[in-house]
Amino acid sequence: MNYNIIEKDNKITIENIKDFEPKHVFECGQAFRWYMEEDGSYTTIHHGRVLNVKKEREDLILSNTNGSEFQNIWYNYFDLDTDYGEIKRELSKDPILEEAIKFGEGIRILNQEPFETIISFIISANNQIPRIKKSIELISQNYGKPIDIYNGKEYFSFPNAEILANIDEKELEEKNKVGYRAKYIVSTAKMINEKEIDIHQIPNLSTKEAKEILMKLPGVGPKVSDCVLLFAFNKNDAFPVDVWVKRVMEYFYLKKDTKLKDISTYSYEKFGDLAGFAQQYLFYYAREKGIGRKK
DNA sequence: GTCCAGGCTTTCC
DNA sequence: GGAAAGCCTGGA
């Protein structure tokens with residue numbers, strides 16, 4: 001993909017960017033460490049860097065960074081090499097997705113850090129987004145490293161597997177509001193730290209093989225593994241089925257009380273290698289519109 | 001082997 | 001008081 005880039009004063013401006021709407025990208029539930037500022041911009045910490053993102057008319061402004069960081073970190077993180085226009089044209093052949101895409105037209109799927117993503121989605125199980133965000137922030141403050149201060153707020157890295165593997169379960173539970181998931185987090189960190197599960201091998205595996213490996217981690221089931229594959233390993237055929245996707249799929253495509261596995265199978269057959277993108281448009285549409293929710 | 005009920009921390013609506 | 005980007009365990 002070609003972009004017009006301007007570098008100036010610790011900022012990168014991408015002129016006339018297509019298919020990138022900060023609200024859609026950062027509030028569609030794929031990432032939990034984007035914080036909205038008073039001016040409507042968003043700040044995150046990723047790969048040991050703090051970055052602020054703002055859309056001004058058709059331009060995207062990345063602040064607190066430079067050209068080499070943009071090339072080495074942010075270009076891949078924001079999935080800027082992928083042509084979302086082409087993906088949207090293909091998926092819009094389905095009238096329901098056409099509607100969902102109109103609603104979340106600026107969604108992109110980020111390429112996030114594997115370990116942080118695994119732990120984040122273990123925390124997400126049977127949980128709510130505000131509390132998930134709070135737990136991840138607490139874990140970072142308690143066990144991560146201070147990285148930078150931006151706009152008066154201090155940012156901490158997410159701790160690595162070695163650090164989390166050596167924390168007492170009770171302490172993790174009490175200090176970070178993760179509840180009964182504490183034992184899953186510590187056990188998973190141990191298995192990864194001791195290379196009992198080698199997550200570095202996952203990019204070389206098929207989506208199915210990778211999923212079987214990830215599901216050996218405690219606290220990682222079918223849904224969490226799909227999220228990790230889609231959001232951290234660029235496996236774009238993964239289709240996480242959570243309560244909202246179950247509702248929206250049953251509402252528009254299938255009958256009530258369809259089994260989760262049958263929803264996955266149907267979705268992969270329908271959307272193929274674009275299933276993960278379809279999932280993200282549908283999830284955002286369903287949650288924002290409250291599709292199928294009880295009143 | 002598959003399927004299902006019940007339990008799980010705590011917050012949010 | 002029910003639900004929340006579910007998973008684990010035990011039993012049929």
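Naming: A, B, ... by sequence-line order, numbering from 1 per chain.
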Just by distance, no angles: are the side chains of A:E37 and A:T43 close enough, under 3.5 Å, to form a donor-acceptor pair? yes
With sugar-phosphate meaning primed atoms plus P, OP1 and OP2, does A:V245 contact a base, only sugar-phosphate, or nothing at under 4.0 Å between heavy atoms? nothing
What is the distance from CD1 of A:I263 to C1' of C:dG6, rounded to the nearest Å? 14 Å
Rounded to the nearest angstrom, tell me the gap between atom CG in A:L110 and atom C1' in C:dA5. 15 Å
Centre-to-centre under 6.0 Å for A:F32 and A:F121, is that the case here? yes
Once you round it to whole Å, what is the distance between C1' of C:dC7 and CD1 of A:I123? 14 Å
Using Watson-Crick geometry (N1-N3 plus N6-O4 or O6-N4) or G-U wobble (N1-O2, O6-N3), each under 3.5 Å, C:dA5 is paired with none
What is the distance, rounded to the nearest whole Å, between atom NZ of A:K261 and atom P of B:dC4? 13 Å
Any base atoms under 4.0 Å from A:G221, or only sugar-phosphate, or nothing? Heavy atoms, all strands. sugar-phosphate
Using whole Å, what does the distance between atom C1' of nucleotide C:dA5 and atom CG of A:L260 come to? 12 Å
With rounding to the closest Å, how many angstrom separate the P atoms on C:dA5 and B:dG7? 23 Å
Just by distance, with hydrogens left out, do A:D79 and A:Y84 show a side-chain donor and acceptor under 3.5 Å apart? yes
Would a line drawn from the ring center of A:F103 to the ring center of A:Y285 be shorter than 6.0 Å? yes
Going by the angle between their ring planes, with limits at 30° and 60°, are A:F20 and A:F26 parallel, tilted or perpendicular? perpendicular
Check ion pair A:K102-A:E105 (N to O, under 4.0 angstrom): no
Between the base of C:dA5 and the ring of A:F283 - centre-to-centre under 5.5 Å, planes within under 30° - is that a stack? yes
Please measure how far the P atom in C:dG10 lies from the corresponding atom in B:dT9, and state the result in whole Å. 15 Å
With A:K153 as the cation and A:Y155 as the aromatic partner, state whether NZ or CZ is under 6.0 Å from the six-membered ring centre and within 45° of the axis. yes
Mind checking A:F231 for me? I need base, sugar-phosphate or nothing, with any heavy atom below 4.0 Å counting as a touch. base
Expressed as a whole number of angstroms, how long is the span from A:I136:CD1 to C:dA5:C1'? 12 Å
Value in whole Å for how far the C1' atom of C:dG6 lies from CG of A:L214: 16 Å
So if I take every side-chain heavy atom of A:K259 and compare against C:dC7, C:dA5, B:dC4, which nucleotide ends up nearest? B:dC4
Residue met sooner reading DNA chain C from 5', once A:P218 and A:I129 are mapped to nucleotides: A:I129
Do nucleotides 6-13 of chain B as a string where each nucleotide becomes B, S or -: B if the base has a protein heavy atom under 4.0 Å, S if just the sugar-phosphate does, - if no protein is that close. --BBBBB-
Could you state the atom-to-atom distance from CE of A:M215 to P of C:dC7 in whole Å? 8 Å
